[in-house]
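All ligand and atom numbering here is 1-based and tracks the order in the structure.
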Amino acid sequence: MKVLVTGGLGFIGSHTVVELQLKGFDVVVIDNLSNASTDVLDGIAEITGKRPEFEKIDLRDKASVSEFFKKYPDVEGVIHFAASKAVGESVENPLLYYENNLNTLIYMLQELSAKDNANFIFSSSCTVYGQADKLPITEDAPVKPAESPYGNTKQIGEEIIKDTCKVKKGLNAISLRYFNPIGAHESAAIGELPLGVPQNLVPFITQTAAGLRNELAVFGNDYPTPDGTCVRDYIHVVDLAKAHVVALERLLNEKNESNYEVFNLGTGTGSSVLEVIESFERVSEEKLNYRIAPRREGDVTAAYADTHKANDVLGWKAGSSLDEAMLSAWKWEKKIRNL
Ligand code: UD1
């Protein structure tokens, strides 16, 4: 069965391609290589013994999207990762984000709507909840005004899919709201490759320990949390990747309860920034150079998932601990820096 993975050479995309291939799916990847390289295909082949088909396409080019579906009429499912994801950059260049994250989604849905039956998985984010009033966060928690154009593209993206599913009954879609994906494949054949200075906590930690950065700035220790630092739900990227396969199978096996569903993907456990640092130091046996710095604008105090719906309805549960995820991230960083 053929599955299209857009953005399939990126961090979450590449790990999902691996899990799909391990389950016997035939994968074709679209990526525009704006934030990834074709070396990732080698990493995927190293783990699975198979190189996925690859098409270098920029999904903003509507004609290319149509051409793709003409060339691959047998695609039965689409997992759509391709999007820009840097919050700060989205504030600087909102139109780039609206074009890249929304036009591409619209072109994809236009193609899928023309089919009698189509199955679509969308990369959404817990960012849609903002600072939730109640923790853990359930899927019916209200969507809060977005803090950034990036966050807004996830909210609008979900609305676009929901509205389309209302009128296109052959289109089945699931939005997956990720909490904080971290880690790498245990083989260290694929992992996260941030461009430039990492904005996210875990790659900043591993790059600091690897000597690429002087010190980690912990953004604020005066939050109303047990140790004063922000709390997040860090989920191992391989667990997250497996959830995509389960979600796709739900649609392919017609187990979905309606043609548009939403699931949170997290572990259900919140960890503070200091706890993440402690975990890193424990598993790596390295001392991390860090200092407390002022708060970062736009950060929420605490966010972690209520995982009941994902566990009970989707039938998926995160299996890895924070320590396992941190160890895999460190193993990957050491490999790419030849340490
Ligand atoms: C961020 C985005 C979120 C996006 C997600 C994708 C922001 C405000 N939010 O989530 O919209 O969906 O990435 O992965 O950018 N931290 C430090 N020092 C650092 C980096 C981070 O202390 O150098 C802290 C942050 O204050 C936060 C935690 O680490 O408390 C996690 O930060 P990060 O990895 O950037 O993720 P989020 O901000 O949760």
Could you tell me whether the side chains of Tyr178 and Ser123 share a donor-acceptor contact shorter than 3.5 Å? yes

Note: with side-chain heavy atoms under 4.5 Å as the link, the other cluster members for Leu193 come out as Trp332, Ile336

Can a salt bridge be assigned to the pair Lys50 and Asp26 using a cut-off of 4.0 Å between side-chain N and carboxylate O? yes

How would you list, by chain and number, every residue that makes a side-chain contact (heavy atoms from CB on, under 4.5 Å) with Pro94, sequence neighbours excluded? Tyr98, Pro149

Contact residues of ligand 1 with a heavy-atom cut-off of under 4.0 Å? Val87, Ser125, Thr127, Tyr150, Asn180, Gln199, Asn200, Leu201, Leu216, Ala217, Val218, Phe219, Cys230, Arg232, Tyr234, Val273, Arg296, Asp299

Leu288: which other cluster members, linking ILVMFWY side chains closer than 4.5 Å, directly or transitively? Ile182, Val197, Leu201, Val202, Phe204, Ile205, Leu216, Val218, Tyr234, Val273, Leu274, Val276, Ile277, Phe280, Val283, Tyr290, Ile292, Leu322, Met326, Leu327, Trp330, Leu339

Hey, are Asn221 and Thr229 close enough side-chain-wise for a donor-acceptor pair under 3.5 Å? no

